[in-house]
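Let me begin by presenting the structure, written as structure tokens, before commenting on it.
Because only heavy atoms are used, hydrogens play no part in the values below, and waters and symmetry mates are left out as well, while side chains stay in.
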Amino acid sequence: MTVLCGPTAVGKGTVVARLRELYPQVFISVSATTRAPRAGEKDGQHYFFVSDTQFDAMVSAGDMLEWAVVHGKNKYGTPRSAVEKKLQAGFPVLLEIDLDGARQVRRNMPESQMIFLAPPSEMDLLTRLEKRGTENLEERTRRLETAKTELAAAGEFDHIVINDTVERATQELARLMGLAT
């Protein structure tokens, strides 16, 4: 299993989508979240959008592999059963999760490969977040504060992949996952 983590707006979703196009055998877990869907996001495809009550019930039942409150606001987590089934069947599994979730996986599944996706620079990250246009000023400010903490933790990971271009970052991720040479 591989865990991919990185700060907001670094391009995790874009790199993962490209990896999936090139290597459809990779199982990409779908996280559950309490945040509202963004334009174009579909329940069960991009996330499982659930209420706080539903999320808390999943945690209490032990149905989450990892979970966290992200950006001090919304809960995100990885439903356990689908991941375990794919691993048992021999599929490569990729979790795209936040720093707290990655730390939980490191504790619970130390054999997992941990990869940090980093921007070429902090200025590049700020530009990407502003261009994305999906968050208001308050949310962008909160996400940038979280990003500083996440960038400082890059040394906790087995590998750091710089997302200077989607193609190069995707190929490096595929190589680290043993999918490409």
Side-chain angles (χ1 to χ4, degrees), residues 1-33 35 37-49 64-68 70-71 74-87 89-106 109 111-120 124-125 127-129 131-135 143 146-147 150-151 153-154 156-181:
M1 182 164 73
T2 299
V3 171
L4 182 67
C5 182
T8 188
V10 77
K12 294 181 300 291
T14 303
V15 169
V16 169
R18 182 67 180 137
L19 182 80
R20 187 74 167 108
E21 287 173 13
L22 296 171
Y23 304 95
Q25 73 273 27
V26 175
F27 175 72
I28 311 293
S29 72
V30 177
S31 296
T33 183
R35 80 158 168 77
R38 294 184 186 131
E41 288 183 330
K42 296 179 181 161
D43 186 51
Q45 180 181 350
H46 298 97
Y47 288 94
F48 294 109
F49 296 100
M64 291 292 193
L65 180 61
E66 57 79 31
W67 71 277
V70 180
H71 308 300
N74 295 302
K75 297 173 188 171
Y76 289 78
T78 303
R80 179 184 299 275
S81 63
V83 169
E84 289 178 345
K85 285 177 187 172
K86 290 295 182 178
L87 286 171
F91 285 90
V93 173
L94 179 64
L95 304 183
E96 176 194 338
I97 56 179
D98 78 304
L99 179 59
D100 289 336
R103 287 172 171 160
Q104 287 177 52
V105 172
R106 171 71 86 191
M109 300 179 81
E111 69 280 7
S112 299
Q113 176 176 221
M114 310 297 276
I115 299 175
F116 190 85
L117 189 65
D124 184 70
L125 187 67
T127 301
R128 289 180 190 189
L129 183 58
K131 282 184 179 177
R132 189 161 76 172
T134 54
E135 294 87 11
R143 285 176 178 258
T146 302
E150 291 167 333
L151 288 167
E156 296 177 25
F157 289 76
D158 301 320
H159 305 281
I160 298 173
V161 173
I162 304 297
N163 188 13
D164 47 2
T165 70
V166 171
E167 287 303 317
R168 197 206 61 73
T170 302
Q171 286 304 318
E172 187 173 351
L173 177 60
R175 183 184 59 76
L176 290 168
M177 291 180 69
L179 302 168
T181 56

Side-chain heavy-atom pair [X], [Y] within 4.5 angstrom cut-off:
X      : Y      : value
Thr146 : Glu150 : yes
Leu87  : Met109 : yes
Leu151 : Leu125 : yes

Nearest 0.5 Å please: distance from the CE atom of Met114 over to the CD atom of Glu156.
->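 That separation rounds to 8.5 Å.
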Please round to the nearest 0.5 Å and tell me the distance separating atom CD of Glu172 and atom CE of Met177.
->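 Answer rounded to 0.5 Å: 13.0 Å.
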NZ/NE/NH1/NH2 to OD/OE distance under 4.0 Å, Arg106 and Asp158 = yes
Cut-off 3.5 Å, no hydrogens considered: what does the side-chain donor-acceptor table look like for residues 21-33, sequence neighbours left out?
residue: Glu21; atom: OE1; partner: Arg18; partner atom: NH1; Å: 2.8
residue: Thr33; atom: OG1; partner: Arg35; partner atom: N; Å: 3.1
residue: Thr33; atom: OG1; partner: Lys75; partner atom: O; Å: 3.0

Okay, side chain of [X], backbone of [Y]: is any donor-acceptor separation there less than 3.5 Å?
X      : Y      : result
Arg168 : Ile162 : yes
Glu41  : Arg38  : yes
Asp43  : Phe49  : yes
Asn163 : Val10  : yes
Glu66  : Gln104 : no
Arg80  : Met64  : yes
Lys12  : Cys5   : no

From the options Leu173, Leu95, Leu176, select the one residue that forms a side chain to side chain contact (heavy atoms under 4.5 Å, CB included) with Leu4.
-> Leu173
Nearest heavy atoms of [X] and [Y], plus distance in Å:
X      : Y      : value
Leu65  : Val83  : CD2-CG1, 4.1 Å
Ala102 : Ile97  : N-CD1, 3.5 Å
Gly6   : Phe116 : CA-CE1, 3.9 Å

Does the side-chain contact (heavy atoms from CB on, under 4.5 Å) test come out yes or no for Thr2 and Ile115, once each step is laid out?
-> CA-CA 7 Å; Thr2 299; Ile115 299 175; 3.6 Å; yes
If the plane angle is over 60° it's perpendicular, under 30° parallel, otherwise tilted; pick one for Tyr47 and Tyr76.
->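 Tyr47 and Tyr76: perpendicular rings.
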Give the intermediate values and the outcome of side-chain contact (heavy atoms from CB on, under 4.5 Å) for residues Gln113 and Met1.
-> CA-CA 6 Å; Gln113 176 176 221; Met1 182 164 73; over 6 Å; no
Check step by step if side-chain contact (heavy atoms from CB on, under 4.5 Å) holds for Leu94 and Glu96.
-> CA-CA 6 Å; Leu94 179 64; Glu96 176 194 338; 5.6 Å; no
Step by step, would you call Asp98 with Trp67 a side-chain contact (heavy atoms from CB on, under 4.5 Å)?
-> CA-CA 9 Å; Asp98 78 304; Trp67 71 277; over 6 Å; no
